[in-house]
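As structure tokens, the structure follows; a few thoughts come after it.
Letters A, B, ... mirror the listed sequences (proteins, then strands); counts begin at 1.
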2 protein chains.
Amino acid sequence: MANTPNFLAKNKSIILYGIFLAMLLFLLKWLELRFIIINHAFEIYAGSIAVIFMALGIWLALKLTKPKTILIEKEVFTEKPETFILNEKELIRLNISKRELEVLQLMAEGLSNQEIALKLFVSLNTIKTHNARLFEKLAVKRRTQAIETAKKRNIIP
Amino acid sequence: MANTPNFLAKNKSIILYGIFLAMLLFLLKWLELRFIIINHAFEIYAGSIAVIFMALGIWLALKLTKPKTILIEKEVFTEKPETFILNEKELIRLNISKRELEVLQLMAEGLSNQEIALKLFVSLNTIKTHNARLFEKLAVKRRTQAIETAKKRNIIP
DNA sequence: TTAACCCTCATACTTTAGGGTGATTTTTTA
DNA sequence: TAAAAAATCACCCTAAAGTATGAGGGTTAA
């Protein structure tokens with residue numbers, strides 16, 4: 001997205017490094033003035049330098065280039081997670097057991113009784129029993145009401 | 001962003017590579033002890049070759065390489081505001097009518113279809129029809145799921 | 001160890017929810 | 001004004017939810 005301005009900086013550093021390397025080579029050469037080079041090997045030498053430095057250039061470019069990252073912002077609606085604090089007092093006051101709370105949560109997620117039963121590895125009838133107890137304790141008639149009441153009382157997020 | 005930790009690694013690799021290059025040069029020199037350096041022009045020539053080909057390598061790598069792109073899906077959590085703000089865009093997007101929204105709200109309050117029908121002075125069948133349309137538009141199967149989805153999308157408080 | 005509680009499950013029944021189809025009337029829009 | 005969309009309703013049927021009652025087994029605390 002906003003990575004294009006980085007390109008100049010990257011190239012600059014690469015170029016600077018190239019110049020630095022060249023200078024280093026010059027220095028080396030300067031210090032070894034009296035080294036002997038046979039004339040006919042010159043082309044090989046120059047070619048080697050060319051190949052090596054091109055490889056170096058490619059390597060540098062590949063290594064030092066940061067991959068472009070494209071950000072895709074995906075909107076996720078949340079149930080204000082940081083806000084939810086389980087109201088344990090209410091749980092105790094209403095005398096709701098762990099299992100019942102579990103069923104209540106799954107219920108609020110939109111699961112059917114059958115789905116809840118499968119998820120908790122119990123029978124459909126068991127879930128129905130839990131529901132009946134829950135409705136009684138929450139003083140409601142339907143699951144939708146149970147969800148509403150439980151949310152209001154911070155029993156479920 | 002989080003580039004600072006990369007600096008050391010990069011510099012290290014560069015330094016290592018420099019050392020490696022220097023060693024390679026020494027090796028070359030050692031093997032070509034009797035080579036004669038005629039004049040300064042040679043160093044200039046070799047250096048030029050080095051620089052040019054490294055530049056070529058960099059250019060090649062940058063131009064001919066497919067841009068490295070990394071897709072990052074970032075989840076943007078939109079908090080549910082305390083004061084409910086209706087997400088009208090979502091309503092329009094989902095093509096939910098006024099009446100359907102009304103039914104949805106009452107549904108979320110825990111009313112049965114019969115109760116909603118009485119409240120809106122229409123027949124039970126009408127409510128069922130509205131429900132069916134709602135479920136289709138919200139891509140859900142049950143009223144509990146409809147409520148959950150609608151709340152997440154700020155269609156209902 | 002007995003009472004209280006929780007979890008489990010069953011059977012039988014009633015009510016509510018949901019699917020599919022088709023149709024009429026009103027309202028809105030192109 | 002004609003077409004599209006919205007709102008209304010009916011009928012039939014299936015699926016799911018909910019009610020009522022009874023009961024067995026496990027845990028726990030008085």
How would you label the contact of B:S123 with the nucleic acid (heavy atoms, under 4.0 Å): base, sugar-phosphate, or nothing?
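Result for B:S123 = sugar-phosphate.
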
Quick one: label B:N113 by what it contacts on the DNA or RNA (base, sugar-phosphate, nothing), any heavy atom closer than 4.0 Å.
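It contacts sugar-phosphate atoms only.
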
Distance check needed: [N] [atom2] versus [X] [atom1], whole Å only.
{"X": "B:L120", "N": "D:dA6", "atom1": "CG", "atom2": "C1'", "value": "15 Å"}
{"X": "A:M107", "N": "D:dG18", "atom1": "CE", "atom2": "C1'", "value": "10 Å"}
{"X": "B:L91", "N": "D:dA6", "atom1": "CG", "atom2": "P", "value": "12 Å"}
{"X": "A:Q145", "N": "D:dA17", "atom1": "CD", "atom2": "C1'", "value": "13 Å"}
{"X": "B:E115", "N": "C:dT16", "atom1": "CD", "atom2": "P", "value": "9 Å"}
{"X": "B:L134", "N": "C:dG19", "atom1": "CG", "atom2": "P", "value": "12 Å"}
{"X": "B:Q114", "N": "C:dT16", "atom1": "CD", "atom2": "P", "value": "8 Å"}
{"X": "B:F135", "N": "C:dA17", "atom1": "CZ", "atom2": "P", "value": "9 Å"}

At under 4.0 Å, does any side-chain N or O of [X] touch on OP1 or OP2 of [N]?
{"X": "B:H130", "N": "D:dT8", "value": "yes"}
{"X": "A:T126", "N": "C:dC9", "value": "yes"}
{"X": "A:N125", "N": "D:dG18", "value": "no"}
{"X": "A:S97", "N": "C:dC7", "value": "yes"}

Same cluster or not: are [X] and [Y] linked, directly or through other Ile, Leu, Val, Met, Phe, Trp or Tyr residues, by side-chain heavy atoms under 4.5 angstrom apart?
{"X": "A:F84", "Y": "A:L104", "result": "yes"}
{"X": "B:F135", "Y": "B:I96", "result": "yes"}
{"X": "B:L101", "Y": "B:V103", "result": "yes"}
{"X": "A:V140", "Y": "A:L134", "result": "yes"}

Separation of B:E109 CD from B:I116 CD1 (nearest 0.5 Å)
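So the CD1 of B:I116 and the CD of B:E109 are separated by 9.0 Å.
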
DNA chain C: B:R143 or B:R133, which has the more 5' nearest nucleotide?
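Its nearest nucleotide being more 5', the pick is B:R143.
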
Check if the side chain of A:T129 and the base of C:dC9 share a donor-acceptor pair of N or O atoms closer than 3.5 Å.
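Answer yes: a donor N or O sits under 3.5 Å from an acceptor.
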
Select from B:K98 and B:R142 the residue whose nearest nucleotide in DNA chain D is closer to the 5' end of that strand.
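Its nearest nucleotide lies further toward 5', so the answer is B:K98.
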
